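Data block below; observations after.
Note that ligands are numbered from 1 as they come in the structure, with each ligand's atoms numbered from 1 the same way. Excluded from the calculations below are hydrogen atoms, water molecules and symmetry mates; all remaining heavy atoms, backbone and side chain alike, are included. Since we're looking at a predicted model, the values are computed, not measured.
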Amino acid sequence: MTRQRLVVANWKQNTLTAAATSWIRAVEAGLDNVPLPAGLSVAAAPSYVALAACRAALAGRLTLMAQNVAAQDSGAFTGEVGPGMLIDVGIHAAIVGHSERRSLFHEDDDLVGRKVASALSAGLSVVLCVGEPLAAREAETHEAFVLGQLEAALAGIDVSAADARLVIAYEPVWAIGTGRTAQPEQANEMHGAIRTFLSNRFGAAGRDRSILYGGSVKPLNAAQLIAQPEIDGFLVGGASLLAEPFLAIVRAVASDGTVSP
Ligand code: PEP
């Protein structure tokens, strides 16, 4: 299984149904004009309540994923949505461990690990987010911090069984929604450390995981970032809310280093 390229739009708690379905139609129409190389996929992560409407609007060039998923499949867990519920509405992927879930909703490494295990065993694909806070970057403990998050999230996971269904997103917390992007070389260095960790741990199945970068990715910096050898794609927040900037980022990835106008 070789590394795949992936660009994901994470809308967070934004976008009502009408705007969501127009975005889906606009991006799918835009993708008709982008020759997507083999191995590059594009996905959107709407809110839970917009997933079904977005799915009905899909023409087939995009896939959908949830922004979160519960660690348990069903039961007395008010407000939760389990893996089986996503599959029931035709959604086969979820983001897990986003830094906003970790910091604002107190999801710790143990819970993130349980979510990864339960989602993968239910058959979902998972984009597992890791990333250090500013204090760890300044103290130069960022690598240990991120590898510790991975260690905790993947304890007990059979990565070779999960195969392409497991994608990692490196998102330094200090770069998310701040307009401050990691330098391409900083991101590449961390992606390399993550790949070495996965490779040491899981052999070829670990080495070949797709590793996305997230943190203020924009049309203007996407080309430089994707030109880095360890970066396989992006998880995009703010710049994904409108179709055109998102398409510009996809074009940068499709042309591997050159943003087309
Ligand atoms: C994100 O939501 O994962 C993200 C990286 O946001 P932004 O692109 O706005 O920094």
- Show the protein residues that qualify under the rule heavy atom under 4.0 Å from an atom of ligand 1, listing them in chain and number order. Asn10, Lys12, His98, Glu171, Ala175, Ile176, Gly177, Gly214, Gly215, Ser216, Leu235, Val236, Gly237, Gly238
- Task: Quick one: which residue pairs count as a side chain to side chain donor-acceptor pair (under 3.5 Å) with a foot in residues 18-44, not counting sequence neighbours?
- Result: Asp32-Arg61
- Message: Grouping I, L, V, M, F, W and Y whenever their side-chain heavy atoms are under 4.5 Å apart, do Val127 and Phe197 come out in a common cluster?
- Response: no
- Item | Glu185 side, atom CD; Gln228 side, atom CD - distance, nearest 0.5 Å | 5.0 Å
- Message: Classify the ring geometry of Tyr213 against Phe234: parallel below 30°, tilted from 30° to 60°, perpendicular beyond 60°.
- Response: perpendicular
- Item | Neighbour count >12 (heavy atoms, 6.0 Å) for atom CZ, Arg55 | no
- Connected via hydrophobic side-chain network under 4.5 Å: Leu6 and Leu235: yes
